[in-house]
Amino acid sequence: MKLNIEGLLVYFPYDYIYPEQYSYMLELKRTLDAKGHGVLEMPSGTGKTISLLSLIVAYQRAYPLEVTKLIYCSRTVPEIEKVVEELRKLMEYYSKEAGEKNNFLALALSSRKNLCVHPEVSSLRFGKEVDGKCHSLTASYIRAQRHSNPSLPSCRFYEEFDALGRQVPLPAGVYNLDDLKDFGRRKGWCPYYLARYSIVHANIIVYSYHYLLDPKIADLVSKELAKKSVVVFDEAHNIDNVCIDSMSVNITRRTLDRSQANVETLQSTILKIKETDAAKLKEEYRRLVEGLKEANVARETDIYMSNPVLPDEVLQEAVPGSIRTAEHFVGFMKRFLEYLKARLRIHHVVQESAPQFLKDISEKVCIDRKPLRFCAERLRSLLRTLEIADIADFSAITLISNFATLVSTYSKGFTIIIEPFEDRTPTIANPVLHFSCMDPSIAIKPVFERFQSVIITSGTLSPLDIYPRILDFHPVTTASFTMTLARTCLCPLVCNLRNPQHGAFWEGGEGPVIRNYGNLLLEMSAIVPDGIVAFFTSYIYMENIVASWYEQGILENVQRNKLIFIETPDAAETSMALEKYQEACENGRGAILLSVARGKVSEGIDFVHHFGRAVIMFGVPYVYTQSRILKARLEYLRDQFQIRENDFLTFDAMRHAAQCVGRAIRGKTDYGLMIFADKRYARADKRGKLPRWIQEHLTDGSLNLTIDETVQLSKHFLRQMAQPFKQEDQLGLSLLTLEQLQSEEMLQKIAQIAHQV
Amino acid sequence: MHLIADLSCPAMAALSEEVLLVVKRVRQRKQDGTLYLMAERIAWGPEGKDRFTVSHLYADIRQKISPDGKAKIQLQLVLHTGESTNFHFSNESTALRDRDAAKDLLQQLLPKFKKRANKELEEKNRMLQEDPVLFQLYKDLVVSQVISAEEFWANRLSLNNVDHSASNNKQEVGISAAFLADIRPQTDGCNGLRYNLTSDIIESIFRTYPAVKQKYAENVPHNLTEKEFWTRFFQSHYFHRDRISTGLQDIFSECAKQDEKGLRSMVVQGVKNPLVDLLSLEDKTLDEGYGSNSMAPSTSSANKTVKENSNSAIIKRFNHHSAMVLAAGNIGLSPRGPAVKIQEAIEYEDLHMENGKKTVALNLKKSDRYSHGPVPLLPQQYTTSQDIINSVNCIQQEIANYKPCLTQVMSSSTASSAIAALSPGGLLMQAGSQQAINQMVPSDVQGELKHLYTAAGELLRHFWSCFPVNTPFLEEKVVKMKSNLERFQMTKLRPFQEKIQRQYLSTNLTGHLEDMFQMAYNKFHAWQTRQMLRKT
């Protein structure tokens with residue numbers, strides 16, 4: 001259908017529309033009009049992605065000079081593929097309705113592992129191996145060497161691409177990863193480099209968060225993206241953690257040992273080169289004296305993304321003299337490594353700020369802040385000069401140099417914690433230096449500053465006001481949308497089980513709680529058809545509960561009703577269990593999946609329809625509060641953003657709980673039970689932090705239930721849901737035709753769907 | 001052990017069944033005798049006699065119980081009917097061995113026959129469930145003991161032998177996930193545990209854990225007896241996965257390794273559905289050393305406690321068990337390709353116009369017509385299209401020439417009263433109204449009558465099928481059927497007649513039934529008198 005969204009003609013590739021989709025598009029349009037950022041929460045399964053795509057594509061067509069590009073960031077590879085497929089659908093609709101072939105170029109970008117077509121390289125299993133191998137075939141100096149020595153191996157796909165691929169832009173169309181590979185094979189071009197090259201002029205790019213948020217990758221890939229782009233972060237409920245992860249560094253003794261080896265390799269290589277090709281080193285020295293001006297020039301034109309690892313001052317200055325020659329730099333790194341080693345030789349926990357660390361290092365080994373800041377850049381230059389093929393081997397020393405640059409650049413927002421051993425195993429010495437980022441806004445800041453509109457959206461972003469605070473930006477729109485339902489297809493229930501005391505569990509004093517959990521699961525296994533997913537608060541906790549249930553014979557009884565599959569720390573094993581779980585749901589046997597909140601399953605796997613008729617959340621998934629890193633972060637949040645510790649912890653727990661229970665509802669024709677098996681959920685501070693679309697259905701009558709009451713209500717709900725549900729039942733309520741949409745009354749109703757914060 | 005029965009008794013020799021095992025000195029009801037295990041049945045004959053006083057088909061045996069640790073060495077057979085028979089092995093020196101030999105053989109034989117028996121039962125059950133008329137008949141005749149179940153089924157099952165073959169290759173029955181739970185050990189009161197194993201459970205174990213089956217084939221009966229094998233199984237660390245293997249000599253330790261290997265290979269194979277493949281979920285993982293929680297629990301077992309190790313073993317075991325159970329009952333759903341999965345994942349079915357699938361609901365005014373199908377064509381006169389055209393022309397001409405004769409028209413009031421009188425229920429229509437039976441008789445009586453008819457029909461069918469009476473068996477049957485008929489008349493038909501009399505309904509409702517019975521009696525008497533004549 002064709003919609004009129006405040007004067008903008010939007011092609012929507014379906015015959016019907018959900019009211020909330022219309023409302024969502026309205027808010028999105030207003031955000032784009034204002035050229036500002038937005039935070040939008042809409043339940044999963046209400047067609048968020050297609051609404052986003054329809055509106056932004058329409059906007060791009062109507063105002064090609066205002067919005068030139070859509071950068072769509074999602075979290076997982078399947079999500080990326082899904083977005084591309086929805087986009088393809090939209091484009092097909094366009095060409096059918098408008099009758100013309102539009103010249104949009106949309107493509108997905110992924111790592112080499114998913115795009116490589118080189119027969120040998122692509123057969124490698126791990127992403128890092130593929131990257132390393134690819135680099136060893138395509139790095140510029142390798143290719144330069146090949147001029148003199150043609151027998152060196154090469155990648156013909158890259159060579160072909162380099163020779164021809166840049167002349168003609170990729171033909172308009174929608175490309176998913178397989179399409180790119182097919183195209184690459186047909187032309188004999190490397191799909192990865194083709195995609196990386198093509199994102200500059202593509203209208204729509206779909207890739208993962210890291211390409212924008214991780215400074216190390218963003219610098220390589222996303223540097224030249226235009227300012228007039230709209231950036232969408234989908235499934236953004238964990239965006240702060242992604243930001244923090246990309247800026248945090250951990251150094252263990254093993255890292256240092258490997259760095260030591262790296263430094264020695266560097267040293268010997270330098271000696272060798274000195275004998276054979278001293279001019280090269282001199283040339284490098286000359287370049288370094290001139291400073292990093294090239295980079296500076298690029299930045300001034302405002303099209304480059306600023307790199308947080310490469311602060312402005314660094315660009316204006318030349319590399320300090322003390323590390324300018326290769327030998328001096330290697331010596332400098334050695335000293336730095338020795339210092340770190342000494343710091344790891346401790347018996348108690350040390351926590352300090354970046355300035356304290358810098359003061360200490362200058363007192364002890366006379367290393368100044370300034371050369372430290374240039375470490376990362378200096379190492380990169382050296383590795384280039386020395387023509388080192390396999391950069392993957394030098395990951396340890398690269399890590400150390402990045403740490404050096406980060407610690408000397410940011411005086412705020414980071415903390416250094418050195419722990420002599422793991423908390424759980426105090427007898428085994430395993431010292432770790434955590435350099436952890438506590439401020440997610442550092443990594444995302446360049447994104448907000450650079451692009452005109454950034455949309456943060458997800459099914460679970462409640463409470464909405466916290467994201468702008470922790471990411472430090474000012475949205476023009478902050479809205480939460482409810483799910484209009486013709487029948488109440490979700491049924492949240494709070495079971496009044498006592499919460500386990502985390503400490504008490506280890507002493508074995510939690511028998512009754514565990515047994516109650518078991519009884520609940522057993523009862524549910526008897527009444528819920530097909531699949532049940534149960535989430536626990538942590539992996540160790542789940543392991544212990546499973547063992548207790550096994551001893552008490554609860555699991556055996558559960559097995560009479562359903563098969564049991566359990567998440568393990570091993571991703572491959574869990575994948576297999578998941579597939580078998582789905583198979584068991586598919587063939588009618590029914591199964592239970594025991595899983596962990598914050599785990600990979602809770603984050604990336606959907607349990608649509610019969611794959612998840614009930615989700616049980618055992619306990620409140622608080623993060624492990626004894627962690628020093630977390631404590632430091634909480635302190636920082638309190639001091640900098642005035643967010644109270646408890647508020648943040650509850651927010652964090654509830655967003656994960658919401659993620660877990662939200663896995664079961666993936667659309668309006670779907671239905672599922674959401675059982676919160678912990679009485680703490682009934683409290684206002686927890687309930688209030690659930691997404692609005694769940695909160696709405698959590699009435700007083702569904703709080704504080706006993707196991708029996710839970711079972712009764714569940715039975716009732718399931719029986720109702722099992723009745724046939726037809727399109728006519730939805731029409732006019734949660735599903736609209738174009739005419740219905742245009743009626744005055746409906747427009748008023750729609751205005752109430754968006755809940756502005 | 002295979003020998004052909006070569007007994008002096010002519011009656012037995014006639015049977016000439018394969019005798020698989022003969023055990024002497026077995027007591028039954030305090031009488032010494034010999035126990036025979038044959039191809040299809042188990043039999044016992046008292047000492048010195050040449051016929052069996054006890055004989056059970058294997059198919060009739062529900063279970064055998066061989067209680068251990070009792071003073072008497074016994075074998076108890078429980079039949080489906082609930083009866084049971086005890087055999088006491090009284091040859092002191094070899095009693096135990098004899099009993100075990102008999103038991104082992106039974107163990108092998110019973111499952112084969114059990115399946116057959118079950119199948120028959122299932123088939124009967126299915127027929128009764130699918131056919132409510134038959135079920136009612138069964139209730140009327142068998143449950144009220146007019147005829148026996150065997151008689152009832154005698155010529156029914158054979159009718160269905162045709163589709164029997166179709167249901168013969170029925171789908172395999174899956175395994176209950178909780179089969180291990182069904183063998184809960186019970187304490188026997190003196191510091192020991194008792195496990196009750198049935199052949200079903202053993203089969204489940206074999207199907208789920210092929211490694212155990214292999215071990216069984218390797219070791220039983222050469223190295224271990226069956227009992228020893230299972231005893232070891234239940235003692236093994238393999239069975240109790242939460243106990244960590246202490247490296248003792250255990251024939252099942254290898255099984256655990258094989259399972260581990262199987263699980264590995266399943267894991268290495270990977271998953272076909274990209275939506276659940278956690279390995280390729282992340283596009284770009286952080287490099288080593290980055291990230292805030294790289295303190296992921298180390299997977300090396302070095303710094304794990306014994307408890308943690310056993311916990312993760314339990315989890316592995318559950319995953320493996322469920323996967324194996326699932327595989328054992330696999331019906332092979334064709335997996336869909338990854339592209340299809342992704343397409344499915346983005347589909348919003350309710351946003352599309354439903355097209356093509358729209359159907360008109362069936363609204364039946366007369367459901368009997370629908371269920372009985374078209375009525376056979378009666379011979380009738382057909383009119384050709386020419387005839388029709390001619391007659392239409394005729395009528396048109398008539399109408400064109402029609403002249404109303406207004407002088408002879410009735411007044412409107414007389415006309416309407418005439419119409420009223422001619423309408424159903426009117427003055428003139430009463431005499432001719434034949435009220436149908438379904439309006440006169442209440443529906444419950446109708447239903448009862450219907451049941452009576454079907455039951456009587458069934459009995460009569462049995463009765464008439466005996467003619468011509470040319471075998472002694474039929475002779476016997478016809479007499480029995482006649483008495484059955486009489487009994488039916490007494491117990492079912494009479495009360496019904498009295499009932500309808502009480503309700504002042506016309507009694508000729510059952511007239512036809514009575515006629516049918518009378519016809520049968522006449523036939524029977526005719527046959528009987530002829531029989532008497534022949535005998536005298």
Side-chain angles (χ1 to χ4, degrees), chain A residues 14-16 47 76-78 81-82 85-86 110-111 127 208 210 217 244-246 248-251 255 395 399 425 428 436 543-544 546-547 550 556-557 559-560 563-566 568-569 571-580 582-584 586-587 600 604-605 629 667-669 727 730 735, chain B residues 174 176-178 180-181 184 242 263 266-268 270-297 299 303 307-308 310-312 314-316 318-319 322-323 325-326 329 331 333 342-343 345-346 348-354:
Chain A
Y14 289 99
D15 306 314
Y16 300 104
T76 63
V77 178
E81 298 266 31
K82 278 193 230 167
E85 288 317 305
E86 299 217 30
S110 180
S111 54
S208 85
H210 301 285
I217 311 173
I244 281 176
D245 279 354
S246 66
S248 298
V249 176
N250 302 293
I251 297 169
T255 324
S395 61
L399 180 75
T425 50
I428 304 161
S436 43
E543 256 188 353
N544 282 302
V546 167
Y550 176 74
E556 284 174 351
N557 287 322
Q559 275 184 318
R560 283 180 212 277
L563 291 175
I564 298 177
F565 294 97
I566 306 170
T568 70
E573 252 177 72
T574 309
S575 305
M576 190 210 69
L578 263 173
E579 198 178 47
K580 298 280 173 197
Q582 291 203 342
E583 198 183 321
E586 199 91 59
N587 75 11
K600 279 193 168 156
I605 308 293
I629 300 174
K668 297 187 175 188
T669 51
Q727 199 169 46
Q730 280 205 63
L735 191 66
Chain B
S176 158
L180 284 176
R184 287 259 84 184
D242 50 337
L263 194 66
M266 266 194 268
V267 167
V268 168
V271 292
K272 287 170 210 85
N273 182 352
L275 295 181
V276 297
D277 190 357
L278 295 172
L279 284 176
S280 57
L281 216 53
E282 293 274 325
D283 182 31
K284 192 110 193 168
T285 47
L286 288 167
D287 286 331
E288 201 182 339
Y290 296 95
S292 57
N293 41 0
S294 67
M295 297 291 287
T299 41
N303 49 7
K307 172 104 174 103
E308 280 167 354
S310 99
N311 286 353
S312 59
I314 292 174
I315 286 176
K316 269 213 174 86
F318 268 107
N319 279 340
S322 296
V325 166
L326 196 61
I331 44 173
L333 292 169
I342 286 184
Q343 281 298 336
I346 64 160
Y348 290 95
E349 61 214 347
D350 47 345
L351 284 180
H352 279 294
M353 202 84 89
E354 285 174 61

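Values below: all heavy atoms of this structure, side chains included; hydrogens, waters and symmetry mates excluded. A note on names: the letters A, B, ... follow the listed sequences, proteins ahead of strands, and every chain is numbered from 1. Computed from a prediction, not measured in an experiment: that's the story for all the values here.
- For a residue to count as touching a neighbouring chain, one of its non-hydrogen atoms must lie under 4.5 Å from one of that chain's; by this rule A/Q730 touches chain B with the side chain only.
- In this structure, A/S575 and B/V271 approach most closely via the heavy-atom pair O-CG1, 3.4 Å.
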Side chain to side chain contact (heavy atoms under 4.5 Å, CB included) between B/L275 and A/I605, intermediate numbers included = CA-CA 7 Å; B/L275 295 181; A/I605 308 293; over 6 Å; no
Kindly determine whether B/N311 and A/V546 satisfy side chain to side chain contact (heavy atoms under 4.5 Å, CB included), including the steps that lead there.
-> CA-CA 8 Å; B/N311 286 353; A/V546 167; over 6 Å; no
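- Proximity to chain B (any heavy atom under 4.5 Å) is shown, for A/L399, by both the backbone and the side chain.
- Closest approach of A/I566 to B/F318, counting heavy atoms only: CD1-CB, 3.8 Å.
- Side-chain contact between B/L263 and A/M576 is present, with heavy atoms from C-beta onward closer than 4.5 Å.
- For a residue to count as touching a neighbouring chain, one of its non-hydrogen atoms must lie under 4.5 Å from one of that chain's; by this rule A/A577 touches chain B with the side chain only.
- Under the 3.5 Å distance criterion, the side-chain polar atoms of A/E579 are matched with a main-chain donor or acceptor of B/K272.
- Neither the backbone nor the side chain of A/T255 comes within contact range of chain B, judged by heavy atoms closer than 4.5 Å.
- Smallest separation of non-hydrogen atoms from A/L578 and B/V276: CD1-O, 3.8 Å.
- Side-chain atoms of B/Y348 come within 3.5 Å of backbone atoms of A/G47 as a donor-acceptor pair (strictly under, hydrogens ignored).
- The shortest non-hydrogen separation linking B/I314 to A/Y550 is CD1-CD2, 3.8 Å.
- For the residue pair B/S322 and A/L563, the shortest heavy atom distance occurs at O-CD1, 3.9 Å.
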